[in-house]
Amino acid sequence: MPMVHALPDLPYDLDALEPHISRETLACHHGEHHSAYVKKLNGLIQNTGFREQPLKDIVKHATGDIFNNAAQAWNHEFYWNCLSPQGGGEPVAAIAEAIQRDFRSFEQFREEFTQAAMRLFGSGWSWLVLNEEDKLNIMTTTNADTPLREGLTPLLACDVWEHAYHLDYRNRRQDYLEAFWSVVNWNFASRQLLAIRPPEPLVASNQRSSMHGAIRTYGRAG
Ligand code: FE2
């Protein structure tokens, strides 16, 4: 059976991110923009070799309109999970430790991520990714482009297309980025990291005393 891609439900109610991101924005962004990418993709892959492939594989291998719509479908599903009504505040669990290691502080990371998103010309995305050397990097991509295409592992995404914020903030991207930090889902980012870099196995209690600070603590909160 040919695979038909479905629009995934938002992981929260339309008004759950208010006052930072409004019901009106989510209804339009998810129900119109994201929905349109999925619908167009399903039309475009008919009678092509992509029609039975999982979305992620299409993103990795397609070009042109099929790539654009597949990547936007994948990017948006990832982005919805990067937001949460219980989000905001400082990083937690594994991602907190990794940010401290690679950016020295959360404040430094937040500043660099925000500046990268502000500098992005036109439409695109700002990302926190894990690179080939197992280090965290900030990167931006234009239009539909995505770190998956570079073989990098996305941990966090911020949609910087104007459709993500113009209803709430007009052209004030900086205000939208402040809103993003108020609802950012650190648990999701931590889970992405743990999925590819699982915690080391627990050591027996009689060995722990000799390891001093070497034991890492990872959270698994939902
Ligand atoms: Fe978007």
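Numbers here are sequence positions counted from 1. First listed ligand is number 1; within each ligand, the first listed atom is number 1.
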Backbone or side-chain N/O/S of H163 under 2.8 Å of the Fe ion (ligand 1):
yes

From the Fe ion (ligand 1) out to just under 2.8 Å, does an N/O/S atom of H34 turn up?
no

How about H20 and W181: are their ring centres within less than 6.0 Å of each other?
no

Between the Fe ion (ligand 1) and D159, which N, O or S atom of the residue is the nearest one?
OD2

Carboxylate-amine/guanidinium contact K39 E32, below 4.0 Å:
no

Minimum heavy-atom distance I66-F50, with the two atoms named:
CD1-CD1, 4.0 Å

Going by the rule ring pair (Phe, Tyr, Trp, His ring centres under 6.0 Å), which residues pair with H30 if we only count those two or more places apart in sequence or in a different chain?
H34, W80

